[in-house]
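Just so it is clear, the model here is predicted, and its values are computed rather than measured. By convention in this document, chain letters (A, B, ...) are assigned in the order of the sequence lines, proteins followed by strands, and residues within each chain are numbered from 1.
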There are 4 protein chains.
Amino acid sequence: MVNEHRSGPVRSTAAREAILDATARLFHNQGYDRLTIQGIAKEAGVGKQTIYRWWPSRGALIGECLAEGRLIPVDFVVPDTGDLAADVETWLRSVLSILEAPEGGALLRSLVAAATEDAGVGAHLGESLGVEKYLTERIRGGIRDGQLPTDAPVEQLGRAILGAIIVESLGREHHDSESIVHLTRFLFSPRS
Amino acid sequence: MVNEHRSGPVRSTAAREAILDATARLFHNQGYDRLTIQGIAKEAGVGKQTIYRWWPSRGALIGECLAEGRLIPVDFVVPDTGDLAADVETWLRSVLSILEAPEGGALLRSLVAAATEDAGVGAHLGESLGVEKYLTERIRGGIRDGQLPTDAPVEQLGRAILGAIIVESLGREHHDSESIVHLTRFLFSPRS
Amino acid sequence: MVNEHRSGPVRSTAAREAILDATARLFHNQGYDRLTIQGIAKEAGVGKQTIYRWWPSRGALIGECLAEGRLIPVDFVVPDTGDLAADVETWLRSVLSILEAPEGGALLRSLVAAATEDAGVGAHLGESLGVEKYLTERIRGGIRDGQLPTDAPVEQLGRAILGAIIVESLGREHHDSESIVHLTRFLFSPRS
Amino acid sequence: MVNEHRSGPVRSTAAREAILDATARLFHNQGYDRLTIQGIAKEAGVGKQTIYRWWPSRGALIGECLAEGRLIPVDFVVPDTGDLAADVETWLRSVLSILEAPEGGALLRSLVAAATEDAGVGAHLGESLGVEKYLTERIRGGIRDGQLPTDAPVEQLGRAILGAIIVESLGREHHDSESIVHLTRFLFSPRS
DNA sequence: CATTAAACGAGACGGTACGTCGAGTCTTGTC
DNA sequence: GACAAGACTCGACGTACCGTCTCGTTTAATG
């Protein structure tokens with residue numbers, strides 16, 4: 001029998017919703033290091049076991065929130081005006097606007113902290129900023145247009161930009177958007 | 001007089017040494033998230049209070065270990081053969097050799113985790129890989145040589161490479177050194 | 001309804017038993033001043049929190065042990081042969097036999113120490129020696145028999161005898177049972 | 001040579017005074033259980049070692065304060081008007097006036113707590129209330145006067161009264177002076 | 001006097017226990 | 001059988017004191 005029947009209730013969507021909601025809320029308010037399963041359970045009005053039943057760890061919860069866009073509720077689409085450098089810059093500025101929000105740096109560091117603990121978060125961090133889906137795709141377009149050489153390391157370019165943002169955030173210096181914008185201009189401006 | 005004299009016992013260098021030693025040892029063996037003050041104290045044969053007396057947090061301990069080269073005991077010097085791209089690649093390969101060691105990825109992720117908690121670690125992470133001291137300096141040399149345009153974002157290039165390594169490490173895909181080497185070749189190869 | 005229902009696990013009697021057992025055992029072996037919550041938890045194979053959940057302090061634990069007869073497991077009943085002085089002396093000798101046991105003085109002093117910290121212990125110290133239940137009752141009988149004047153301070157007589165024992169124990173002189181027996185004979189011998 | 005000479009300073013009376021002062025002050029303000037050597041040292045403006053040099057324990061400090069009348073600065077003299085019962089009652093009321101002061105019960109319990117830890121305190125507790133020096137002496141006078149039978153247990157009577165006070169204090173019931181006065185009247189009123 | 005050694009203030013040290021927090025597991029009664 | 005509630009053992013937190021041990025400074029008897 002492929003189909004295994006069992007009696008009893010099925011997973012409560014209300015509980016799942018309340019848990020992910022509470023997780024996202026607490027993550028924003030307190031950061032990853034102060035996020036606790038107990039706190040989430042109480043905030044969600046849920047038993048601890050209900051969390052442990054469906055998620056193996058704190059990181060997995062964050063991963064699921066991230067995947068559902070509950071942590072960064074923006075769609076970082078990259079336009080295609082034909083000008084690769086300008087399009088990338090548009091994307092970059094929308095990402096940087098997160099960092100420039102109050103506690104934006106702390107938010108990003110919290111995400112990185114979660115990523116160090118949980119592989120799923122690490123894998124989907126770039127994804128939720130549109131790196132693979134939009135940015136890398138747009139860069140590929142730039143190659144087809146001849147704005148980048150055919151041997152350009154497409155995926156690595158996205159990672160490098162994201163990485164530069166992360167490194168800057170870890171340094172906690174006063175955030176300077178323009179310096180990263182400068183980087184992308186250098187990377188994507190037409191080469192002679 | 002700046003110097004304020006006080007009688008009484010002086011800070012024990014033996015205790016300081018034992019604590020930093022134990023911290024570095026446990027950090028390598030267990031990673032940052034399993035590192036506890038309690039464990040360090042026991043490993044070092046020291047009272048907990050002696051740690052709290054001199055360091056405000058777990059992160060600060062890691063920061064000091066990092067600054068003293070107890071975590072990454074390598075000097076990542078960048079040669080100057082005249083060929084910028086080749087020199088950067090030399091540096092890069094020595095950095096990547098850490099990642100390729102067993103548990104190398106975990107080590108880097110642990111450092112990043114510490115950096116998310118402690119500003120000092122964040123500030124000195126790049127430093128201890130020679131980014132500011134050697135890599136950035138070498139890139140500046142590349143500008144003087146005319147191998148890079150004068151408006152190249154020197155500091156951001158170092159951050160971008162380091163960031164690309166970090167992002168790759170967070171993703172936990174099978175590590176591929178060549179893809180990052182590819183990135184640096186793209187960045188630093190002579191532009192026409 | 002006075003009864004407020006709540007679902008969920010119920011207090012573990014096994015844990016309670018183990019804790020009180022361990023408390024009594026350690027109290028006898030080490031005395032009150034060396035008794036620690038940590039030690040009780042370890043001896044009982046129990047988490048510290050389980051102790052703090054149900055008892056507010058070390059003294060309260062001792063109070064409960066005392067009330068359940070785990071510290072002085074004797075029933076100090078007073079006979080009624082008709083001879084008040086003799087009956088009180090019978091009781092007294094059984095109490096003194098505790099003091100005369102090895103470490104008996106230390107046991108009593110430990111109880112007194114606990115009583116100074118915890119009101120409950122103080123209240124039940126006399127009780128567990130049968131002062132209120134048996135001794136005072138027997139003295140009342142003596143009044144009815146005419147062996148004591150009707151205005152005799154019944155309760156205070158019990159306290160005075162117990163107090164004399166305690167004061168003697170605090171003095172740590174070589175214990176002399178006969179001197180206290182002498183006191184009770186004086187107090188209860190037939191008055192002309 | 002029996003006499004061993006040495007150079008150097010002698011014991012500082014200022015330090016001794018400051019320490020005993022601080023001890024008495026803190027004992028009154030915080031009670032015995034919150035009294036710490038560190039606290040005394042800081043309050044007295046003295047190094048910890050100076051305390052440990054001259055006193056073996058916290059209890060010994062209290063013992064010395066007690067012996068010097070720094071804890072109960074009253075002289076509990078017993079008058080001799082010829083009326084034994086009345087004289088004892090005079091003494092008793094002055095002792096009870098301590099208990100009736102605010103925190104008087106706590107003070108007595110603190111003294112008892114110290115006595116359970118330190119033999120010296122136990123030995124001198126009664127002494128500092130004038131039990132041996134005055135009360136017992138006065139009772140002996142009562143025997144000589146024929147107000148008490150010759151076989152009265154003189155010392156035990158003093159202990160019994162003190163003990164009754166202590167037991168009442170340990171019970172923390174609302175203090176009732178008259179009940180103890182009643183006891184002494186019963187003990188010392190002329191027997192037919 | 002100059003010497004010198006002990007007493008002193010200050011406080012760092014290795015420990016032990018404190019009382020609290022959260023982890024992850026288990027138990028109970030309800031839906 | 002999923003759920004809310006929460007008791008359970010365990011381990012770490014950061015703090016308070018313990019009693020011992022340097023430190024330099026002060027001080028008084030000895031030489």
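Atom C1' of nucleotide E:dG9 and atom CZ of D:R11 are separated by 16 Å, given to the nearest angstrom.
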With a 3.5 Å cut-off and sequence neighbours excluded, list the donor-acceptor pairs that the side chains of residues 40-51 of chain C form with protein atoms.
residue, atom, partner, partner atom, Å
C:E43, OE2, C:R25, NE, 2.8
C:E43, OE2, C:R25, NH2, 3.2
C:K48, NZ, C:Q38, OE1, 2.9

List the atom pairs, with distances to 0.1 Å, where a side-chain N or O of residues 111-120 of chain A and a protein N or O form a donor-acceptor pair under 3.5 Å, not counting sequence neighbours.
residue, atom, partner, partner atom, Å
A:T116, OG1, A:A113, O, 2.6
A:E117, OE1, A:Y32, OH, 2.8
A:E117, OE1, A:R58, NH2, 3.3
A:E117, OE2, A:R58, NH2, 3.1
A:D118, OD1, A:A60, N, 3.4
A:D118, OD2, A:G120, N, 2.9
A:D118, OD2, A:V121, N, 3.0

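For E:dG24, the OP1/OP2 oxygens have no side-chain nitrogen or oxygen of A:W55 closer than 4.0 Å. The side chain of D:W54 contributes no N or O atom lying less than 4.0 Å from OP1 or OP2 of E:dA6.
Contact of B:S7 with E:dG9 (side chain to base): a donor-acceptor pair of N or O atoms is detected under 3.5 Å.
Comparing B:P9 and C:T13, the nucleotide of DNA chain F nearest to each residue sits closer to the 5' end for C:T13.
Heavy-atom minimum distance, C:A24 versus C:C65: N-SG, 4.1 Å.
Listed by residue number, the members of residues 57-65 of chain D with any heavy atom below 4.0 angstrom from DNA chain F form an empty set. A heavy atom lying under 4.0 Å from DNA chain E marks none of the residues of residues 18-35 of chain C. For DNA chain E, the residues of residues 38-52 of chain A within the heavy-atom distance limit of 4.0 Å (strictly under) are A:Q38, A:K48, A:Q49, A:Y52, sorted by number.
Taking D:E68 as the reference, D:R16, D:L20, D:E64, D:R70 meet the side chain to side chain contact (heavy atoms under 4.5 Å, CB included) condition, with sequence neighbours excluded. D:H124 pairs by the side-chain hydrogen bond (donor to acceptor under 3.5 Å, both in side chains) definition with nothing, not counting sequence neighbours. In terms of the side chain to side chain contact (heavy atoms under 4.5 Å, CB included) criterion, residue partners of B:L107 (sequence neighbours excluded) are, by chain and number, B:F27, B:H28, B:I98.
Applying the salt bridge (Lys or Arg N to Asp or Glu O under 4.0 Å) test to residues at least two apart or on different chains, none of the pairs has a partner in residues 104-113 of chain B.
Remark: C:S110 OG to C:L35 CG distance equals 8.5 Å, nearest 0.5 Å. How far CG of B:L61 is from OG1 of B:T23: 4.5 Å, rounded to the nearest 0.5 Å. The CG atom of C:L71 sits 9.5 Å away from atom CG of C:L125, with the distance rounded to the nearest 0.5 Å.
Proximity of A:L170 to A:L108: side-chain heavy atoms (C-beta onward) are nowhere separated by under 4.5 Å.
The side chain of B:I37 approaches F:dC13 more closely than any other nucleotide in the set E:dA12, F:dC3, F:dC13.
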